[in-house]
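Single-structure report; data block below.
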Amino acid sequence: MAAAATMAAAARELVLRAGASDMEEEEGPLGSGPGLRETLQIGELDITSDEFILDEVDVHIQANLEDELVKEALKTGVDLRHYSKQVELELQQIEQKSIRDYIQESENIASLHNQITACDAVLERMEQMLGAFQSDLSSISSEIRTLQEQSGAMNIRLRNRQAVRGKLGELVDGLVVPSALVTAILEAPVTEPRFLEQLQELDAKAAAVREQEARGTAACADVRGVLDRLRVKAVTKIREFILQKIYSFRKPMTNYQIPQTALLKYRFFYQFLLGNERATAKEIRDEYVETLSKIYLSYYRSYLGRLMKVQYEEVAEKDDLMGVEDTAKKGFFSKPSLRSRNTIFTLGTRGSVISPAELEAPILVPHTAQRGEQRYPFEALFRSQHYALLDNSCREYLFICEFFMVSGPAAHDLFHAVMGRTLSMTQKHLESYLVDCYDAIAVFLCIHIVLRFRNITAKRDVPALDRYWEQVLALLWPRFELILEMNVQSVRSTDPQRLGGLDTRPHYITRRYAEFSSALVSINQTIPNERTMQLLGQLQVEVENFVLRVAAEFSSRKEQLVFLINNYDMMLGVLMERAADDSKEVESFQQLLNARTQEFIEELLSPPFGGLVAFVKEAEALIERGQAERLRGEEARVTQLIRGFGSSWKSSVESLSQDVMRSFTNFRNGTSIIQPCPKFWLSPKLTAIVILSITLHLIPP
């Protein structure tokens, strides 16, 4: 841009000088004053040099021609020479005016020059000051860096000292024994809260001192003696307090749960002994185990003895079996049997002992029962005894785990050290009782009591009794199976001829079986057991065989069927009262009853309608074989049968009804047999004969 402006100025100068030269030639010189005109020296213009190139001049001229003023001048036809002279005159006038202005303002310019000179001096001094300040800032920045380094080092030293101070403070706090701790341990009773608080502080300081001694801290020697004396004093006071509580268990009629609850409030005492004086802790634990073991053993031995005195005097014996006849005679020295042997095979209300309400009911109080002259079956005594054992065992196990701070196998071992003798005594008592026990329902109820108690201990999260329940079941199951097998054998070996006079009513042995089987089935439904169902299946087979053997003693088939139906109906009715409708026993006896009822109906209809039934059966057989044409030769026989049936069927049906009602003890059963007789036999068979007669053209359609 600067080069273009320079070239434009040079071109303008050339134009102006060319115009001036022309004017001098035409008009002559305007004046001869020096400095007003200067002759253009063409010789100074070197048009061949590199500094002045015509191409570039053309470009600048062309650019100047684009100017608006130039365009306007060219359009109006202005003479450039006159115009340049006019411009030059104006420039001269301006120059002279400018000179006059400068002359007039010479004083101001001189003053301005002086001021500029003074400012320059001031700025020079400012520059020197700023230079000095810059050098000072450089030294200050180096000092700041030095201070930062020193500050960082000081911070590191401060943190290190604070860390050391914290560790040292903890160490000193852990080693220093305050006067409040000494006063509480030496003077305060163990039952006061401040003694427990300071005991916890003493335990923490003793642990801290042991830890620092292991690290080789020499300062521990200064407080070791004080802590040892305080520890001995605290151990002595705690030992006396806990032993006093344990000895209070030995007082007669003491509710030992109250001292146990009190000990749980101070369970930290044993924790302190365990961490600071293991010998004393072992002494207290051994004393507790010995004391409570004797207390539990004495209590349960006494309770069992008094509890067995309120049992029923009449209990089942080895001769009170299902297949033993009521008329059997015994020796001179034999004990009298039960007044009613059927009671040991009947459940009655005995099953309520395993109901949720009775299972966890309060235990029996023997002296209260004796005053009220109340008696109980063995399963009720068994429930009361083992519920007391379960409740106390659960409480004892939880106390041991919490107070003595044990769990898992250690808790089991400590529990059995306390309750082992009691559990063993209870187990031996049960074992001795079962030797002479022949009450299968009582034993089976005891089994289900144990199964339910085992579930209760599992819910309470007390696994310590699991082994005991397994041992009790190992005693009960074999005895139950033995008694059941004895009953099976007694039914198998029963001789019907030794049973005395027989009639078609339900036999007492089948009634015993029905009551007994329904009792076991109803109990077993709550917690099914496959082994029980197998034994009941064996007993059912023997009872069915026994019923068939007794039925064979009757001379007529009709009496045999009546006996079978009466017994099957009775057993089915008793079973359906307690067992489910879809049980195997119910289904089996229902099938037997239906089969014998069908046979009895045929036997019942045979005398009055035997010929008709026989003919219908023959006709059905021929029709099934496709030999219906052979029936055309039976016209006379069919006519005679129809006439005989029409004359006597009403009186025959009435006689059959009376006979059925006399034969069956169960009115409902007899009614159910009478109803299908005319409907199922007479109507279908008669309809068949009528259709056959129409087919043979014996009866007009």
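For the pair E201 and K205, the salt-bridge criterion is met [side-chain N within less than 4.0 Å of a carboxylate O]. Between E358 and R383, none of the side-chain N atoms (NZ, or NE/NH1/NH2) sits under 4.0 Å from a carboxylate O, so this pair counts as no salt bridge.
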Item to check | Evaluation steps, side-chain hydrogen bond (donor to acceptor under 3.5 Å, both in side chains), between Y300 and N392 | outcome: CA-CA 11 Å; Y300 276 98; N392 286 282; 3.2 Å; yes
Next on the checklist: For Y468 and H416: C-alpha separation, side-chain torsions, deciding distance, then whether side-chain hydrogen bond (donor to acceptor under 3.5 Å, both in side chains) applies.
Outcome noted: CA-CA 10 Å; Y468 174 76; H416 286 288; over 6 Å; no
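Using a 30° and 60° split on the angle between ring planes, F269 and Y266 fall in the parallel class, below 30°. The aromatic rings of F404 and F399 sit perpendicular, their planes meeting at an angle over 60°, well past the 30° parallel limit. A tilted orientation is assigned to the rings of W469 and F453, their planes being inclined by 30° to 60°.
Screening residues 272-296 for side-chain hydrogen bond (donor to acceptor under 3.5 Å, both in side chains) gives D203-N276, R210-N276, R231-E277, R239-E283, R250-E287, R250-T291, Q260-Y288, K282-D286, Y288-E396, E290-K294, Y296-E396 as the qualifying pairs, with residues at least two apart or on separate chains. Residue pairs meeting the salt bridge (charged side-chain N to carboxylate O under 4.0 Å, His left out) criterion with at least one member in residues 90-114, sequence neighbours excluded, do not occur.
Minimum interatomic distance between E360 and Y387 (heavy atoms only, all atoms of both residues): O-OH, 3.6 Å. Minimum interatomic distance between A234 and L202 (heavy atoms only, all atoms of both residues): CB-CD2, 4.2 Å. For L390 against R460, the heavy-atom pair with the smallest separation is CD2-NH1, 3.5 Å. Closest approach of A464 to Y397, counting heavy atoms only: CB-CD1, 3.5 Å.
Distance CD1/I185 to CG/L230: 6.5 Å, rounded to 0.5 Å.
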Which pairs of donor and acceptor atoms, one on a side chain in residues 118-135, lie under 3.5 Å apart (sequence neighbours left out)?
| residue | atom | partner | partner atom | Å |
| --- | --- | --- | --- | --- |
| S135 | OG | G131 | O | 3.4 |
| S135 | OG | A132 | O | 2.5 |

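Contact of the N529 side chain with the W477 side chain is registered, since non-hydrogen atoms from C-beta on lie closer than 4.5 Å.
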